[in-house]
Amino acid sequence: DAGVIQSPRHEVTEMGQEVTLRCKPISGHNSLFWYRQTMMRGLELLIYFNNNVPIDDSGMPEDRFSAKMPNASFSTLKIQPSEPRDSAVYFCASSLALSYGYTFGSGTRLTVV
Amino acid sequence: KNQVEQSPQSLIILEGKNCTLQCNYTVSPFSNLRWYKQDTGRGPVSLTIMTFSENTKSNGRYTATLDADTKQSSLHITASQLSDSASYICVVSAGANSKLTFGKGITLSVRP
């Protein structure tokens, strides 16, 4: 298994532009998570899905952020419009169930200038 | 408010030495505690998951302990190697929905 696959690995964009991050979870995993990591705040959960349904999006910073999971093998995190304070590493993770260990992707490093 | 505090913030040790990383938490109701290793530029990788009834769990040269009474956990690394240089993150899961609370991590540098 190739693990959790995220794309792109790096993204540099101008303030105000739309950014879309992509994630392919491990086949058979029912739970998918989006995290954001910064030096100041560490890892923060943004949203998670169970069986493609959003369960908890309380970590999503504001309306500029949205996430979708149209099927069991694909999810997107969209930021529109992007701002410099959104600069961070965004991780996607998946697991068999909430109580199981998570497998993280390699992350997308987003820089908004 | 659920919190996870890790100490020290960073640590430098010589190759071959042992070290212990600490994690204190105020998370309720406790479900499980996880230690992750994160190499620079990579995603976190799970080392151990411990439930309420487990006091010790080992994964190779890594040994995690859990004291649910004092709400403390430690990660002991034996005979450190250069490849152990990474950030070690303590994560505590709470409640039926297993909501996770993350520590900010401990940066370990192993020098030759």
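Each chain gets a letter, A, B and so on, in the order the sequences are listed, and its residues count up from 1.
Heavy-atom minimum distance, Arg42(B) versus Ser106(A): NE-OG, 4.1 Å.
Heavy atoms of Tyr35(A) lying under 4.5 Å from chain B belong exclusively to its side chain. When heavy atoms are compared at a cutoff of 4.5 Å, Thr38(A) does not approach chain B at all. Using a 4.5 Å cut-off between heavy atoms, Arg109(A) does not touch chain B at all. With a 4.5 angstrom heavy-atom cutoff, Gln6(A) does not touch chain B via any of its atoms.
Under a cut-off of 6.0 angstrom, the local environment of CD in Glu14(A) is sparse, with at most 12 non-hydrogen atoms contributed by other residues, nucleotides or ligands. The environment of Lys57(B) atom NZ is dense: over 12 non-hydrogen atoms of other residues, nucleotides or ligands sit within 6.0 angstrom. Around atom CG of Asp63(A), no more than 12 heavy atoms belonging to other residues, nucleotides or ligands sit under 6.0 Å away.
With rounding to the nearest 0.5 angstrom, the NZ atom of Lys104(B) is 10.5 Å from the CE atom of Met39(A).
Among Arg41(A), Arg9(A), Gln37(A), the residue with the largest count of heavy-atom pairs under 4.5 Å with chain B is Gln37(A).
Phe65(A) is connected to Val19(A) through a chain of hydrophobic side-chain contacts under 4.5 Å among Ile, Leu, Val, Met, Phe, Trp and Tyr, so both are in one cluster. Using a 4.5 Å cut-off between side-chain heavy atoms of Ile, Leu, Val, Met, Phe, Trp and Tyr, with links allowed through other members, Ile13(B) and Tyr62(B) fall into the same hydrophobic cluster. Residues Leu66(B) and Leu100(B) fall into different hydrophobic clusters, defined by Ile, Leu, Val, Met, Phe, Trp and Tyr side chains chained together at heavy-atom separations under 4.5 Å. Hydrophobic cluster membership is shared by Leu110(A) and Leu77(A), with clusters built from Ile, Leu, Val, Met, Phe, Trp and Tyr side chains linked at under 4.5 angstrom.
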**Request:** Decide side-chain contact (heavy atoms from CB on, under 4.5 Å) for Leu43(A) and Ile89(B); before the verdict, give the C-alpha distance in whole Å, the side-chain angles of both, and the deciding distance to 0.1 Å.
**Result:** CA-CA 9 Å; Leu43(A) 272 164; Ile89(B) 304 170; 3.9 Å; yes
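Within the 4.5 Å cutoff, side-chain heavy atoms of Arg34(B) are placed close to those of Tyr102(A).
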